[in-house]
Amino acid sequence: MVSKKITRPPKTRPDSEALQGSRERLRTQMFKGVAELALLSVVQQTPEYGLRILEVLRDEAGLEIAEGTLYPLLYRLEKRGSIQSEWHVLEDASHPRKYYAITSQGKAELKAHLDDWQAMTVAFNRFLNRGKK
Amino acid sequence: MNLHHKDDPVTTWLKNLQRALAPLPSDDSQEILAEAREHISERVAMGVPPLEVLSAFGNAKTYAQGFVDEYLLNRARSSRRTLPMLRTVIRFAGRSVVAGFGSVCAVISGFFGLWSLGCIAVKIVRPDLVGLWLDFPLSAQHRYVHAQRDFIPLSFGHDHIVFGFQNPPPSFPEYLGLWIYPCMIGIALVSYVALRASLLLAVKRIRLPTGFKPNVKTSPEP
């Protein structure tokens, strides 16, 4: 009796593709956690409008956030009382812009988020680098 | 590019957005529309093609959903009224485990509440059809011949213990008499409290996704 060896393609994705997918998922989860922190941080010094907030997040924080996710998040923070908005017409702008500013409640939240973030990153970095000396 | 031409994609997108924002208060939807219009105009003025700007916003209905979800959730949380909470929990049931679980609990509690109220109503009209029938001893072979199963079950238990509405009534003794009223009112109240508690807990614990895109620019190592 002649046995015929059948080779089937692997059911799993190639390693590099699986790794990339897993990396993307991890990033998504991590950035979900810091989304509010990043937004509150942008408007903590001076009021900013949506497009400017988007640019700061992209250029300075490296967060590639889409318009479709920024404005609902701003709406949520505003409804929660963390930020407040006001329409302004500035000289260099052809249209009125909606500026967002942090509230006292938002400042307290930002401070709490920052404390948590810093405590967590210090502890976690120490944990990840254990035994590397 | 003229953003106000009736056939251009931006105008169509804004119209769709306006329709999708209908559940929001007028002030909120007008502000969201104005902000989106201003953002699009500015990006187009910077030389970005309109379709590219619109793709960053995504589908108008999906974009509006973020605002509408937030508004409905806030309204349900602040009003604490049963119907808005029930509507909100059902709306989120397919997207949130908490809301799904809350919906199931609410449906079960609601069923018991309506059942008890239905039994009270029947008891007023036909007192012999609602009650608590016990056939002692419980270990004896049962002698009750079941009627055809109800489409909507209004009684619990079979054989030796029957509680609620039963037509025809069992031949063994009924024990509660008029005490069935306080019993049913008690069940209705407990069901209502359970319904509200499950809705309040669900509404409080539903979390909306932030939707951050994880597309981080990777800079070379220093």
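In what follows, chains are A, B, ... by sequence order, proteins preceding strands, each numbered from 1.
Between the CD atom in E78(A) and the CD atom in E70(B) there is a gap of 11.0 Å [rounded to 0.5 Å]. From E42(B), atom CD reaches atom CZ of R97(A) across 4.0 Å, with rounding to the nearest 0.5 Å.
Qualifying salt bridge (Lys or Arg N to Asp or Glu O under 4.0 Å) partners for D69(B), counting only residues two or more places apart in sequence or in other chains: R91(B), R95(B).
Interface remark: L54(A) contributes side-chain atoms only to the contact with chain B (heavy atom separation under 4.5 Å).
Using non-hydrogen atoms only and a strict 4.5 Å limit, no part of residues 191-204 of chain B faces chain A. Contacts between residues 24-34 of chain B and chain A, defined by a heavy-atom separation under 4.5 Å, are made by L24(B), D28(B), E31(B), I32(B), A34(B).
Atom CH2 of W179(B) is surrounded by 12 or fewer heavy atoms from other residues, nucleotides or ligands within 6.0 Å. Heavy atoms of other residues, nucleotides or ligands lying less than 6.0 angstrom from OH of Y181(B) number more than 12. The 12-atom threshold is exceeded at CD1 of I124(B), counting heavy atoms of other residues, nucleotides or ligands nearer than 6.0 Å.
Under the side chain to side chain donor-acceptor pair (under 3.5 Å) criterion, the residue pairs touching residues 113-127 of chain A are K111(A)-D115(A), with sequence neighbours excluded.
Among all heavy-atom pairs drawn from Y71(A) and Y63(B), the shortest one is CB-OH, 3.1 Å. What you find for A56(B) and A66(A) is that their closest heavy atoms are O-CB, 3.5 Å.
A heavy-atom distance below 4.5 Å is not found between the side chains of E35(B) and Y75(A).
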